[in-house]
Each structure stands twice: as C-alpha cells, then as structure tokens.
Amino acid sequence: MPELPEVETIRRQLQKKIVGRVIGGRKVIGLRRRAKILIIDFENGASLIFHLKLTGQLIFNGKPSQYTRKVFIFDDGSKLIFNDARKFGWWKEVKETKKIEKGFGPEPLEIDLETFKNLLIKRPNAKIKPLLMDQKFIAGIGNIYSDEILYAAKVHPSRRAKTLKDKEIEQIFQNIRKILDEAIKYQGSSVEYYVDACGKKGNFVKYHKVYQKEGQKCSRCGAIIKKLKIGGRSAHFCPNCQK
DNA sequence: GACAATGTTACAGT
DNA sequence: CACTGTAACATTGT
C-alpha cells in the first residue's frame with residue numbers, strides 16, 4: 001500500500017540510480033513525486049508517471065516474476081521492473097505534467113499550520129479520517145498513515161472538522177509531519193506487497209500503533225484497539241485515547 | 001465463491 | 001454550486 005512515504009522512498013532511491021541513464025534515446029534528468037504519483041522526467045520534456053495503487057512495485061535491476069507487468073530497459077542494460085499483483089497500478093508517458101501537479105491538494109510536508117487550519121475551515125462537516133485521505137484535500141496520505149496520525153494526535157477518526165479544537169488541529173498538523181517523516185526515515189511500511197526500489201521491505205510497520213492492530217492493547221493506555229468502517233474504509237483507533 | 005484490500009470516480013442527496 | 005456520503009470499479013489471494 002504505497003502512500004507518500006513509500007513513493008518518496010522509491011523516488012529518492014531511483015534518483016540516485018537512474019538519473020543520467022537513457023531509455024529509448026531519452027535521458028532521465030530527475031524524479032519527482034506528487035501525492036502518490038512518481039514522475040520520471042526526461043531531458044526532452046516528456047515524463048513517465050506511475051501510480052502503484054495497492055500492490056505495485058518498482059524495483060531497479062530486480063528479477064522479473066509472475067507479477068511483472070513491464071520492464072523498462074536502459075541503454076546500459078540496467079532495468080526498472082514494474083510488478084503489480086492486483087493490476088490496479090498503472091504507468092503512462094506524458095508530454096507535460098501540469099495536470100498532474102494541479103489535480104491534488106497541497107503536499108502535507110510543504111504546508112504550515114495556518115494553511116492546514118484554512119483547509120479544514122472549507123470542509124466543516126467532513127469526518128477527519130476520510131478528509132486526511134482525500135487527495136484533493138491533502139495529497140499523499142492513505143489508510144495506514146491517517147490511522148497512525150490520528151492515534152498520535154489523540155483524535156477519533158469520526159470527528160468532524162468543525163468540532164476540532166485548536167489544540168487538536170495543531171496535534172494533527174504536527175503529527176502529519178512527524179509520522180510521515182519517520183516513515184520515510186524507515187523506508188516506508190511493508191504491510192503486504194510493498195518493497196522499495198532495491199526490493200527491500202520498509203521497516204515502519206514496527207512502529208505502527210493502531211493500523212491492523214484490532215484486538216490488541218493500546219501501547220499508551222492498554223485499552224483494546226478497535227476497527228470501524230468510516231467512509232467505506234477500515235479505521236483503527238484506541239477508543240480510550242482518541243476522543 | 002464470497003470477501004477484503006484501496007485509490008479514484010460517478011452519482012445521489014442535502 | 002458546494003459539500004458529504006455511498007457505491008462501484010479495477011483484480012486476485014485467502
């Protein structure tokens with residue numbers, strides 16, 4: 001389940017490995033990320049863009065498997081392997097990326113508290129968990145990190161934006177930074193299929209406090225972690241700590 | 001064979 | 001029109 005930290009991990013690794021290499025006459029000049037989209041920029045202005053969705057993997061010089069959907073071969077013989085067991089992921093080549101850049105809400109690691117507060121004012125009745133996952137509201141956060149952020153902030157996932165106190169909004173804002181930064185530091189979360197560009201699993205699952213921990217004890221208070229469907233998605237939280 | 005996984009989108013409702 | 005909620009869709013392993 002690649003979300004912002006996983007895609008960012010892959011971006012940073014591929015940046016080191018493929019910049020300067022050439023695919024079909026086009027030289028790679030850099031890699032960017034927007035929301036959960038990975039963008040490979042070529043010298044001629046075109047870009048290759050990827051969305052890994054549930055089970056996508058991008059592995060540099062990996063071995064093809066039964067789930068390999070595409071192999072990009074560089075002119076020095078090195079390879080970029082795109083695997084995707086569930087086939088929800090996609091890639092395409094585009095002449096320009098303006099549409100992609102503008103189609104999402106702000107990047108969570110690039111906004112300040114004021115901006116975040118102003119965003120929330122526009123969506124007073126939305127529940128906070130689906131809101132954090134809404135890519136048009138804020139980009140790059142999915143189910144894992146919305147659960148972990150709200151646990152760290154001690155806010156119940158069903159709370160509506162307009163009921164949040166200033167202190168709680170600050171906590172959510174600060175923990176968006178903290179959790180995403182830490183997850184990037186640990187190369188992301190490998191829940192099922194995710195591996196980084198080296199084919200290695202991310203280590204952040206060790207630090208998950210609530211995601212997929214239904215029935216286990218809360219590490220803060222010992223209460224039993226619960227799971228609820230909110231906005232059609234599973235939400236994991238501590239019914240005691242998160243009000 | 002039903003179900004769950006999740007990001008995205010279409011559409012219904014307020 | 002703006003916002004919110006729900007369902008459907010892509011596919012496959014369990």
Side-chain angles (χ1 to χ4, degrees), chain A residues 1-11 33-39 49-58 64-70 82-92 94 97 99-108 116-151 155-164 176 179-180 183 188-195 201-202 204-205 208 210-215 225-237:
Chain A
M1 279 130 263
E3 302 180 24
L4 185 154
E6 289 78 25
V7 180
E8 182 62 22
T9 298
I10 292 172
R11 187 193 71 77
R33 179 192 55 74
R34 179 72 173 108
K36 302 171 193 174
I37 306 242
L38 183 74
I39 305 170
I49 64 174
F50 297 85
H51 198 307
L52 302 179
K53 290 285 185 101
L54 284 186
T55 57
Q57 304 174 328
L58 263 178
S65 71
Q66 59 170 319
Y67 300 128
T68 297
R69 308 295 168 201
K70 176 77 179 175
F82 180 79
N83 296 328
D84 190 12
R86 300 285 164 89
K87 297 182 181 172
F88 288 3
W90 50 261
W91 74 91
K92 64 179 167 183
V94 295
T97 57
K99 248 192 201 166
I100 299 148
E101 285 155 47
K102 290 187 176 165
F104 296 100
E107 285 292 324
F116 185 60
K117 280 184 181 172
N118 288 332
L119 283 174
L120 286 170
I121 289 167
K122 288 185 207 155
R123 304 288 297 277
N125 289 308
K127 291 179 178 176
I128 188 63
K129 154 126 177 147
L131 202 46
L132 290 179
M133 292 172 66
D134 181 345
Q135 302 301 298
K136 292 203 174 72
F137 176 78
I138 195 165
I141 300 173
N143 213 25
I144 298 173
Y145 296 105
S146 56
D147 276 355
E148 295 299 325
I149 288 163
L150 291 173
Y151 174 81
V155 172
H156 193 289
S158 288
R159 288 280 298 281
R160 293 186 190 270
K162 66 181 175 193
T163 71
L164 296 170
I176 286 174
I179 300 273
L180 295 180
S189 302
S190 288
V191 175
E192 275 187 79
Y193 287 82
Y194 169 75
V195 291
K201 291 188 172 186
F204 194 66
V205 264
H208 288 181
V210 283
Y211 182 74
Q212 292 192 341
K213 305 238 179 249
E214 184 189 20
I225 302 297
K226 289 206 164 166
K227 178 171 155 182
L228 265 187
K229 278 244 167 185
I230 300 173
R233 293 289 178 260
S234 61
H236 311 79
F237 64 100

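In what follows, chains carry the letters A, B, and so on, assigned in the order in which the sequence lines appear, proteins first and then strands, with residues in each chain numbered from 1.
Nucleotide dA5(B) holds its C1' atom 17 Å from the NZ atom of Lys87(A), rounded to whole Å. One interatomic measurement links the two molecules: OH of Tyr193(A) to C1' of dT14(C), which rounds to 10 Å at whole-angstrom precision. In this structure, Leu54(A) places its CG atom 11 Å from P of dT8(B), rounding to the nearest Å. The interatomic distance linking His51(A) (NE2) with dT9(B) (C1') rounds to 13 Å, in whole Å. Rounding to whole angstrom units, CG of residue Leu131(A) and P of dA2(C) are separated by 17 Å. Residue Tyr67(A) contributes atom OH, which lies 4 Å from atom P of dG13(C) at whole-angstrom precision. Distance, Ile230(A) CD1 to dT6(C) P: 12 Å, rounded to whole Å. Regarding Ile144(A), its CD1 atom lies at a distance of 12 Å from the P atom of dA5(B), rounded to whole Å.
Note on Tyr211(A): only backbone sugar-phosphate atoms sit closer than 4.0 angstrom, heavy atoms only; bases stay farther off. Within 4.0 Å (heavy atoms only), Gly232(A) reaches no atom of the nucleic acid at all. Residue Ser234(A) is classed as a sugar-phosphate contact, given heavy-atom separations below 4.0 Å to backbone atoms only. Residue contacts for Phe137(A): at a heavy-atom cut-off of 4.0 Å it reaches no nucleic acid atom on any strand shown. When heavy atoms are screened at a 4.0 angstrom cut-off, Lys129(A) is found touching no nucleic acid atom at all. Counting non-hydrogen atoms under 4.0 angstrom, Pro130(A) reaches nothing in the nucleic acid.
Heavy-atom nearest nucleotides on DNA chain C were determined for Lys127(A) and for Arg233(A), and the one closer to the 5' end corresponds to Lys127(A).
End-to-end axis angle of the helix from dA2(B)-dT14(C) to dT14(B)-dA2(C), from C1' rotation axes over five pairs per end: 50° (rounded to 10 degrees).
Between Thr55(A) and Phe88(A), the closest side-chain pair of non-hydrogen atoms is not below 4.5 Å. Between Tyr211(A) and Val191(A) there is a side-chain heavy-atom pair separated by less than 4.5 Å. Contact of the Leu180(A) side chain with the Pro108(A) side chain is registered, since non-hydrogen atoms from C-beta on lie closer than 4.5 Å. In this structure the side chain of Ile10(A) never reaches within 4.5 angstrom of the side chain of Gln57(A), judged on heavy atoms.
For the pair Asn143(A) and dT6(B), the criterion of a side-chain N or O lying under 4.0 Å from OP1 or OP2 is met. Contact between the side-chain N/O atoms of Lys229(A) and the OP1/OP2 oxygens of dT6(B) is not found at any separation under 4.0 Å. Side-chain nitrogen and oxygen atoms of Arg160(A) include at least one within less than 4.0 Å of the OP1 or OP2 phosphate oxygen of dG5(C).
Taking only side-chain atoms of Lys136(A), from C-beta outward, the nucleotide of dG7(B), dT9(B), dT4(C) with the closest atom is dT9(B). Among the nucleotides dT6(B), dC3(C), dG7(B), the one closest to any side-chain atom of Phe88(A) is dT6(B). Checked against dC3(C), dG5(C), dT6(B), the side chain of Arg123(A) finds its nearest nucleotide in dC3(C). Considering only side-chain atoms of Gln135(A), the nucleotide from dT8(B), dT6(B), dT12(C) that sits closest is dT8(B). When distances run from any side-chain atom of Lys122(A) to the nucleotides dT8(B), dC3(C), dG5(C), the shortest one goes to dC3(C).
Just one residue in the list Glu3(A), Lys129(A), Arg233(A) forms a side-chain contact (heavy atoms from CB on, under 4.5 Å) with Ser146(A), and that residue is Lys129(A).
Looking only at distances, no side-chain donor or acceptor of Glu107(A) sits under 3.5 Å from a matching main-chain atom of Ile138(A).
Atoms CG and OG1, on Leu38(A) and Thr9(A) in that order, are 11.0 Å from each other to the nearest 0.5 Å.
Between Tyr193(A) and Tyr67(A), the ring planes lie perpendicular to each other; the angle is over 60°, past the 30° to 60° tilted range.
For dA5(B), its base sits under 3.5 Å from the side chain of Arg86(A) at one donor and acceptor pair at least.
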Quiz item: Passes side-chain hydrogen bond (donor to acceptor under 3.5 Å, both in side chains), Glu6(A) versus Tyr145(A)? Steps please.
Solution: CA-CA 11 Å; Glu6(A) 289 78 25; Tyr145(A) 296 105; 2.6 Å; yes
